[in-house]
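Inspection log for the structure reproduced underneath, given as structure tokens.
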Protein chains: 2
Amino acid sequence: MHNPLLIKLSHLCGLGPSDCSAMRFGEPHLVVPHHEILSDGQIVSHAGLLLSGMACRYKMVGDGRRAITAFFLPGDFLNQQMPERQRLDFGVAALTSCEIVDVPLAIWRDTGHSRLSDALTLLAGMDMAIARAWLANLSQRPADKRLAHLLCELRHRMAMVEMADGHSFRLPLIQQDLADALGLSTVHVNRVLQHIKEMGLIRIRDRTFLIGDLERLEQFAEFDPSYLHLGSASTGTSASSFRASPPSSIHL
Amino acid sequence: MHNPLLIKLSHLCGLGPSDCSAMRFGEPHLVVPHHEILSDGQIVSHAGLLLSGMACRYKMVGDGRRAITAFFLPGDFLNQQMPERQRLDFGVAALTSCEIVDVPLAIWRDTGHSRLSDALTLLAGMDMAIARAWLANLSQRPADKRLAHLLCELRHRMAMVEMADGHSFRLPLIQQDLADALGLSTVHVNRVLQHIKEMGLIRIRDRTFLIGDLERLEQFAEFDPSYLHLGSASTGTSASSFRASPPSSIHL
DNA sequence: CGATTACTTGACACCGGTCAAAGCCGGTGG
DNA sequence: CCACCGGCTTTGACCGGTGTCAAGTAATCG
């Protein structure tokens, strides 16, 4: 099995097969692009786990403006449903075709497997840390660094599920999605994208971002990945191994 | 005892004295304004509870810009420390003189009092809901509605600890604090503040905000308080009682 | 291939930032 | 009691980053 959640947890806190024995999954189901997965105001009693594809958490505000408050990658929970039967204050929509499976989180927690329970707590903490980083990003950084920072974060999270390395990763988003997440207009996202291309920080070929010099990109974005490794010990694994790759010279 | 946490929990989920019997508090201590309460990168193993005063969660970014990612009111936990011994990805600073007490959250959780444990979970959920609302606010609203929305939220949260009603509440913040939370410059906060004064939405007299017509203010801000009452049943209490106050006519 | 969706580009307006100076306190000390 | 002082607020002038509108080009998909 190549379950992205398991990959992530093994990287993140060294969870092994024995710790995962308590995990029970239901039947995965497919959602088509642009379809709503969870609706604002809905009451849910289960947790959705994204297996493949990309989704987002969002809120509609004012006239029809959409604020994207989170991106979901494979291995992410769509709703770390805290109390059981919570009423959602946000919607979740598929940005690409998505594979989703419902998970009985409460049961996972109560199996006595404290390591698994701790891992879930860790994921929830990561969710909050990401939200905090986004807040700082939105409120204090100019558009170019803002976009760069988001790209760094996504690359890093993709790396955790082995969908990225220091050189490239595929982002199946459209510029409108980036705009709604960054609080910018589509037009400006486009321009800023070109701008950081001209700076030689990235290159794009059909949705795949090519990174020449990761260190330079992260420095420009003021990106510090420590918020993505909350607390745990064996944190260096994925990051350092990818970081260890030669400063690169993808031919830009 | 007039512990703001108890007030909040009784409003929020009808917790009674019996549920609170398991709560053990240590010795409160005082922190002077501008002093750092928790430092970025610090490893903490306890939870700080704010008893009085006002504090903020923040991140420093780029050159010396400060991004405030949360305001703490009496009755709020400064760090809903998820895993024990987590490394903080943010700092916490006192904005006014603050009274703080450390609480052993892990012990509270394990006393078998599931209602108390649920309440703590609810508070954590509220923290996240607020962060999401801020994200939407920052990314999609113009300065005037942005500021108004924040004011509505703070008034509402103050009301939960009985420090506000539909007519007025005291906010001991300086404009710089608002600016750092809203992603605006101090100068612009000042102007926007005047602007919504001229609109007749608020009045200010020495740090106290007077609200003429709460409904109008909340409508202007597109403020929907439902995200602050996550999931629980007895949610209407504080809100509706305050809302019930006559449409007002504080003499503007 | 045609039609729809996504991406680019340019012109222009405006929101909000920056800089700098001037009032307005509240506190402190003479 | 007054003079001073430092932090906060208020103003004005000016500029730059982003938004908006609109048109055109390139992809993508039946």
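Numbered from 1 within each chain, the chains take letters A, B, ... in sequence-line order.
Spacing between atom CG of N190(B) and atom C1' of dG12(D) amounts to 12 Å, rounded to whole angstrom units. Nucleotide dG7(D) holds its P atom 15 Å from the CG atom of D177(B), rounded to whole Å. Atom pair L178(B):CG and dG16(C):C1' shows a separation of 16 Å (rounding to whole Å applied). Between the P atom of dT11(D) and the NE2 atom of H195(B) lies a distance of 14 Å, rounded to the nearest Å. As a whole-Å value, the separation of I174(B) CD1 from dC8(D) C1' is 7 Å. Counting to the nearest Å, the P atom of dC25(C) and the CZ atom of R205(B) are 14 Å from each other. Separating the NE2 atom of H34(A) from the C1' atom of dA6(C) is a distance of 10 Å, rounded to the nearest angstrom.
Side-chain N/O atoms of Q194(A) include none lying less than 4.0 angstrom from OP1 or OP2 on dC7(C). Taking 4.0 angstrom as the limit, Q176(B) places none of its side-chain polar atoms (N or O) nearer than this to OP1 or OP2 of dT9(D).
Using the six-membered ring where Trp is involved, F223(A) and H149(A) have ring planes that are perpendicular, over 60° apart on the 30 and 60° scheme.
Closest of all the heavy-atom pairs between I211(A) and G166(A) is CB-O, 3.7 Å. Smallest separation of non-hydrogen atoms from P225(A) and H156(A): CB-NE2, 3.4 Å.
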Would you mind writing out the side-chain donor-acceptor pairs for residues 48-55 of chain B within the sub-3.5 Å range, not counting sequence neighbours?
residue, atom, partner, partner atom, Å
S52(B), OG, E99(B), OE1, 2.9

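T186(A) and Q176(A) share a side-chain donor-acceptor pair at under 3.5 Å.
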> Can you give one letter per nucleotide of nucleotides 13-30 of chain D, 5' to 3': B if a protein heavy atom sits under 4.0 Å from the base, S if only from the sugar-phosphate, - if neither?
Replying inline: B----BSBB---------
>> Pair H46(A), D102(A) - check side-chain contact (heavy atoms from CB on, under 4.5 Å), show working.
In response: CA-CA 6 Å; H46(A) 58 272; D102(A) 288 340; 3.3 Å; yes
>> Set out, in order, the CA-CA distance, both residues' side-chain angles and the distance that settles side-chain contact (heavy atoms from CB on, under 4.5 Å) for L154(A) and F209(A), then state yes or no.
In response: CA-CA 11 Å; L154(A) 290 175; F209(A) 285 68; over 6 Å; no
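Rounded to 10 degrees, the angle separating the terminal helix axes of the helix from dC1(C)-dG30(D) to dG30(C)-dC1(D), each built from five base pairs, is 40°.
Ionic pairing of R57(A) and D76(A) is not present here: no N-O contact between side-chain nitrogen and carboxylate oxygen is shorter than 4.0 angstrom.
With contacts defined as side-chain heavy-atom distances shorter than 4.5 Å, the pair F77(A)/D127(A) does not qualify.
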